[in-house]
Protein chains: 2
Amino acid sequence: MKRILIADDHAIVRRGLRLLLLEEYPSAEIGEASDAETLINKIIQHEWDVVICDISMPGRSGLDALSQIKQMAPKLPVLIMSMYPEDQYALRVLKAGAAGYLGKETIHDDIIKAIHTVELGKKFITPTIAEKLAKAFEEDQSDQLHEKLSDREFDVFKMLASGKAVSEIANQFALSVTTVSTYRSRVLEKMGMKSNADLTRYALEKKLI
Amino acid sequence: MKRILIADDHAIVRRGLRLLLLEEYPSAEIGEASDAETLINKIIQHEWDVVICDISMPGRSGLDALSQIKQMAPKLPVLIMSMYPEDQYALRVLKAGAAGYLGKETIHDDIIKAIHTVELGKKFITPTIAEKLAKAFEEDQSDQLHEKLSDREFDVFKMLASGKAVSEIANQFALSVTTVSTYRSRVLEKMGMKSNADLTRYALEKKLI
DNA sequence: AGAAACTGTAGTAAAAAAACTACAAGATCA
DNA sequence: TGATCTTGTAGTTTTTTTACTACAGTTTCT
């Protein structure tokens, strides 16, 4: 009698997933949430065995929700789904505590396998991701976040970290404000951070400024 | 043959000051600037003995200009004028390197006296300010900037320093965004800082977060 | 007691930033 | 050698932030 909670903003996806799961576990209890808030509430109100959560719900909230869940219920396994291929974001998601990453190539069997795996408290790692993990580990990527930045991104990063406004930076580099803004987004994305203050903290810690 | 540079955005004030100065120094060379940029340019182009600068030129630029001047020409004495009474901001101005603070009660004689004083490389301090200085010193105010904040301001300060957005804070305290924004302005003003990154740095240094 | 300053609060309007989107050229991986 | 990623760049639209301003209680000097 599994209790599985699905979070995705597309009703179609939820429906598909539900059918797929019921096929395997006919008597399972399936919950649905269409946004991060509902997801959190359902987790508070009820116990679940596994959560399957799309990362790109409205408002970038997949990762946010994940960290919130990890605080509230550290043991509840959360499988993160994504429409993106198994790129570097998979690592970030795992770092944030996900029990597994289901990329866009994921097929039926993978999902069932993933559920079995994470229920045992283990992580579901596809071979592709395993390799990335190994590489990341070797490069100690997690400790040198900023090395993943391109030159331009790094410039922008340093200036943001020291408190410069996007417009100031644009001015100084003679770029459009939106360009600098895009760099900022990428920097935050790549470094898995969400505010300039995080950048400042990081830079201070690493003595980059 | 004194060379005095006046910076104020009101033509009337510049004119009045010019006449007043010429009365005392008939052969003085008087320069005028109506905004911070012009002020900086005139300082680059020409040597001056004293600068008299209003603190509230368009865009909060009085203090900014002062620190820029202090970097370019550390020895050039800058007298800061202000329409505000000699309150706590006088201290901030002095801390930023001004040679003296001329408040709204300043009279003719004070200005002349101030010029004489600062030309000798000394600071022009009125008794009122001297007292404030002493008190500030005693309280080591300069090292405990955050103690000047009110409770609400301090709350907001901490949250800003840890990277919360104004809107998040407003939400959490159930206040209007503009209210929180006002607190932010006051915090920045009181602490003599200009960006959230400064707050973060300060808070980290003092281990407040 | 009275003036001046400080605090908590918010509206309006203007400015800035963020999210999204797009695209071409170069890098890379399979 | 294609397919996929990354990088540099920017426009549009939506959301946030900021600058000003205001105002009524409190507190604080004189």
Side-chain angles (χ1 to χ4, degrees), chain A residues 56-61 83-91 103-105 127-128 131-132 135 147-157 159-160 163-171 173-190 193-197 199, chain B residues 56-61 64 82-91 103-105 127-128 131-132 135 147-157 159-160 163-171 173-190 193-197 199:
Chain A
S56 47
M57 284 185 296
R60 288 200 159 192
S61 45
M83 288 302 104
Y84 304 110
E86 295 164 332
D87 62 357
Q88 57 173 320
Y89 301 111
L91 303 186
K104 72 172 176 191
E105 303 90 357
T128 322
E131 203 176 310
K132 290 208 177 266
K135 198 181 289 178
E147 290 191 358
K148 288 189 304 195
L149 304 180
S150 72
D151 291 353
R152 266 308 200 207
E153 286 164 357
F154 190 62
D155 288 342
V156 169
F157 158 72
M159 303 195 73
L160 286 171
K164 297 277 183 305
V166 170
S167 50
E168 285 179 88
I169 302 172
N171 221 322
F173 290 159
L175 290 173
S176 115
V177 170
T178 48
T179 300
V180 174
S181 188
T182 302
Y183 291 148
R184 174 173 179 276
S185 303
R186 289 184 185 161
V187 166
L188 282 138
E189 191 80 43
K190 285 191 181 177
M193 298 181 169
K194 46 187 311 196
S195 74
N196 290 5
L199 301 180
Chain B
S56 48
M57 285 185 297
R60 291 201 157 190
S61 44
D64 292 358
S82 161
M83 288 303 104
Y84 304 110
E86 295 164 332
D87 63 357
Q88 58 172 315
Y89 301 112
L91 303 187
K104 72 174 177 189
E105 303 91 358
T128 322
E131 205 177 307
K132 290 206 177 263
K135 198 181 289 178
E147 291 190 358
K148 289 189 305 195
L149 303 180
S150 72
D151 291 352
R152 266 308 201 207
E153 287 164 357
F154 190 62
D155 289 341
V156 169
F157 157 72
M159 303 194 73
L160 285 170
K164 297 276 183 303
V166 170
S167 49
E168 284 179 88
I169 301 172
N171 221 322
F173 290 159
L175 290 173
S176 115
V177 171
T178 46
T179 300
V180 174
S181 188
T182 304
Y183 292 149
R184 175 173 178 275
S185 303
R186 288 182 186 163
V187 167
L188 253 35
E189 190 80 44
K190 284 190 182 178
M193 297 182 171
K194 46 188 313 196
S195 74
N196 290 4
L199 300 180

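So you know, we letter chains A, B, ... as the sequences are listed, proteins then strands, and number each from 1.
In this entry the distance linking CG of L188(B) with C1' of dA19(D) reads 13 Å, nearest Å. Between the CG atom of L175(A) and the C1' atom of dG11(D) there is a distance of 15 Å, rounded to whole Å. Rounded to an integer number of Å, the gap from R186(A) CZ to dT9(D) C1' is 8 Å. Distance, L149(B) CG to dC6(C) C1': 12 Å, rounded to whole Å. Taking atom CD on E189(B) and atom C1' on dC20(D), their separation rounds to 13 Å, with Å as the unit. In this structure, L160(A) atom CG and dA17(C) atom C1' are separated by 11 Å, rounded to whole Å. As rounded to whole Å, 12 Å separates atom P of dT27(D) from atom CG of D151(B).
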Any N/O pairs under 3.5 Å between the protein and nucleotides 13-18 of chain D? List them or say none.
unit_1: dT17(D); atom_1: OP1; unit_2: V166(B); atom_2: N; d: 3.4
unit_1: dT17(D); atom_1: OP2; unit_2: S167(B); atom_2: N; d: 2.9
unit_1: dT17(D); atom_1: OP2; unit_2: S167(B); atom_2: OG; d: 3.0
unit_1: dT18(D); atom_1: OP1; unit_2: R184(B); atom_2: NH1; d: 3.2
unit_1: dT18(D); atom_1: OP1; unit_2: R184(B); atom_2: NH2; d: 3.0
unit_1: dT18(D); atom_1: OP2; unit_2: R184(B); atom_2: NE; d: 3.4
unit_1: dT18(D); atom_1: OP2; unit_2: R184(B); atom_2: NH1; d: 3.0

**OP:** Check the pair L160(A), V187(A) against side chain to side chain contact (heavy atoms under 4.5 Å, CB included), reporting the backbone distance first and the verdict last.
**Re:** CA-CA 10 Å; L160(A) 286 171; V187(A) 166; 5.6 Å; no
Original post:
Does the pair L149(B) and V156(B) meet the rule for a side chain to side chain contact (heavy atoms under 4.5 Å, CB included), with working shown?
Top reply: CA-CA 10 Å; L149(B) 303 180; V156(B) 169; over 6 Å; no
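Among the nucleotides dT9(D), dT7(C), dT9(C), the one closest to the side chain of S150(B) is dT7(C). Listed nucleotides dG8(C), dT21(D), dG11(D) differ in distance to Y183(B); the shortest reach to its side chain belongs to dG8(C). Listed candidates were dA10(C), dT9(D), dG8(C). Nearest to the side chain of T179(B) is dA10(C). If you check dT7(D), dG8(C), dA10(D) against the side chain of R152(B), the one that comes closest is dG8(C).
Not one side-chain nitrogen or oxygen of K190(A) sits closer than 4.0 Å to the OP1 or OP2 atom of dC5(D).
Taken from CG in L188(B) to CZ in R186(B), the straight-line distance is 13.0 Å, to the nearest 0.5 Å.
Under the rule for a side-chain contact (heavy atoms from CB on, under 4.5 Å), the partners of T178(A) that lie at least two apart in sequence or sit in another chain are S176(A). With sequence neighbours left out, R184(B) forms a side chain to side chain donor-acceptor pair (under 3.5 Å) with N196(B). Shown here are the side chain to side chain donor-acceptor pair (under 3.5 Å) partners of S167(B), two or more places apart in sequence or in another chain: there are none. By the side-chain contact (heavy atoms from CB on, under 4.5 Å) test, S195(A) is found to be paired with A197(A), D198(A), residues two or more places apart in sequence or in another chain being considered. For F173(B), the ring pair (Phe, Tyr, Trp, His ring centres under 6.0 Å) test picks out no residue, with sequence neighbours left out. Partners of Y183(A) under the ring pair (Phe, Tyr, Trp, His ring centres under 6.0 Å) rule, at least two apart in sequence or in another chain, do not exist in this structure.
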**OP:** Map every base of DNA chain C to its dot-bracket character, where paired means a Watson-Crick or G-U wobble contact with both distances under 3.5 Å and | marks a partner outside the strand.
**Re:** ||||||||||||||||||||||||||||||
